[in-house]
Amino acid sequence: MINQAIDQMMIANRKHFMIPGEVVASVAEDNKLRHAFLVLTKVRYAKIPVLDNADHFKGLLSLSMITETMLGMDDVSLTSLDTMCVKDVMQTDVHTVEDPYDLENVLHLLVDDAFLPVVQADGTFTGIVTRREVMKGVNYIGHNLDDFYDVTPKTTGSIISR
Ligand code: AMP
């Protein structure tokens, strides 16, 4: 269970953690790989969300998922860029969080994932919560906790590391 003071301060900053869908770079599941290749190269993000035509979250796409289809035994072929679609290569086993998301769950999942797609109950994509934005929140708490709470040590012993 997360400390109540930390939880309250995180919740106060919760809206800052999510990058809204309108400003998240994404591709459509039916886009050809050629288009997705250009988008990923331009935006320079390692992985971006894949959506359907009704803005439902479908998966994630990275450059390596595309380039893998181009590799032959001893050559590179560009054919797959025009014959295959994003949905043919995207990652579908993705951790997502439902909007409104539970902060404790988000903190656990962000240990392994750089960002988490936020989806509504019907699958509509809302945005992403990134490790970077949450780290800014942790930084804020580290610097401002004393302004809101009195923190005194319970013992004089050293804190055990985990
Ligand atoms: P950051 O914490 O900002 O380094 O972002 C971590 C990851 O989240 C990036 O590598 C991308 O995969 C994803 N990401 C962050 N911001 C965006 C965005 N505006 N559009 C698409 N993906 C993003």
Side-chain angles (χ1 to χ4, degrees), residues 2-3 5-71 76 78 80-145 148 161-162:
I2 204 164
N3 174 280
I6 306 283
D7 195 39
Q8 286 303 312
M9 286 189 73
M10 290 288 257
I11 284 170
N13 282 289
R14 178 205 284 258
K15 69 175 186 327
H16 302 299
F17 297 157
M18 193 178 75
I19 301 176
E22 307 88 78
V23 291
V24 174
S26 65
V27 285
E29 61 174 354
D30 292 327
N31 283 157
K32 285 280 190 283
L33 292 190
R34 179 176 293 274
H35 173 77
F37 186 93
L38 292 173
V39 173
L40 272 165
T41 306
K42 269 266 178 260
V43 298
R44 292 167 180 253
Y45 289 122
K47 269 187 190 177
I48 58 175
V50 179
L51 309 181
D52 69 10
N53 291 334
D55 276 347
H56 294 116
F57 176 77
K58 292 304 206 181
L60 296 176
L61 185 76
S62 68
L63 263 186
S64 64
M65 292 173 202
I66 299 177
T67 51
E68 194 116 331
T69 68
M70 296 158 60
L71 298 181
V76 171
L78 302 183
S80 61
L81 292 183
D82 296 314
T83 56
M84 294 179 79
C85 292
V86 169
K87 64 174 168 235
D88 299 328
V89 300
M90 69 185 181
Q91 173 192 353
T92 52
D93 59 332
V94 181
H95 289 132
T96 60
V97 289
E98 198 173 309
D99 195 17
Y101 54 84
D102 172 55
L103 264 177
E104 193 165 354
N105 186 34
V106 162
L107 292 179
H108 278 302
L109 292 173
L110 283 180
V111 171
D112 292 320
D113 299 317
F115 73 101
L116 297 163
V118 183
V119 295
Q120 291 168 27
D122 69 354
T124 304
F125 178 67
T126 312
I128 57 173
V129 179
T130 65
R131 198 184 280 157
R132 180 198 294 265
E133 295 307 315
V134 171
M135 283 309 294
K136 284 188 203 166
V138 171
N139 193 25
Y140 171 81
I141 291 171
H143 285 89
N144 296 282
L145 187 65
F148 300 94
S161 63
R162 307 190 339 120

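Numbering of ligands and ligand atoms starts at 1, following listing order. Computed from a predicted structure; not experimentally measured.
Remark: side-chain polar atoms of N31 are not paired, donor with acceptor, to backbone N or O of H35 under 3.5 angstrom. At distances below 3.5 Å, not a single donor-acceptor pair connects side-chain atoms of R131 with backbone N or O atoms of F115.
Taking CZ of F37 as the start and OG1 of T67 as the end, the distance is 7.5 Å to the nearest 0.5 Å.
When non-hydrogen atoms are compared, ligand 1 lies under 4.0 Å from the side chain of T130 (C-beta onward) but not from its backbone. Only the side chain of I128 comes within 4.0 Å of ligand 1, counting heavy atoms alone; its backbone N, CA, C and O stay farther away.
Heavy atoms only, all atoms of each residue included: D82 and K32 are closest at O-CE, 2.8 Å. Residues L40 and A46 approach most closely at CD2-O, 4.3 Å, considering heavy atoms. Annotation for M90 and K58: closest pair CE-O, 3.7 Å, computed over non-hydrogen atoms.
Of all protein heavy atoms, the one lying nearest to atom 10 (O) of ligand 1 is A46 N, 3.6 Å. Protein heavy atom in closest approach to atom 9 (C) of ligand 1: Y45 CD2, 3.7 Å. Here the heavy atom of the protein found nearest to atom 20 (N) of ligand 1 is A25 N, 2.8 Å.
Checking E22, R132, K47 against atom 2 (O) of ligand 1, the nearest heavy atom belongs to R132.
Residue V23 approaches ligand 1 through these ligand atoms, each under 4.0 Å from one of its heavy atoms: 19 (N).
Backbone and side-chain nitrogen or oxygen atoms of F115 are examined, and none is located within less than 3.5 angstrom of a nitrogen or oxygen of ligand 1.
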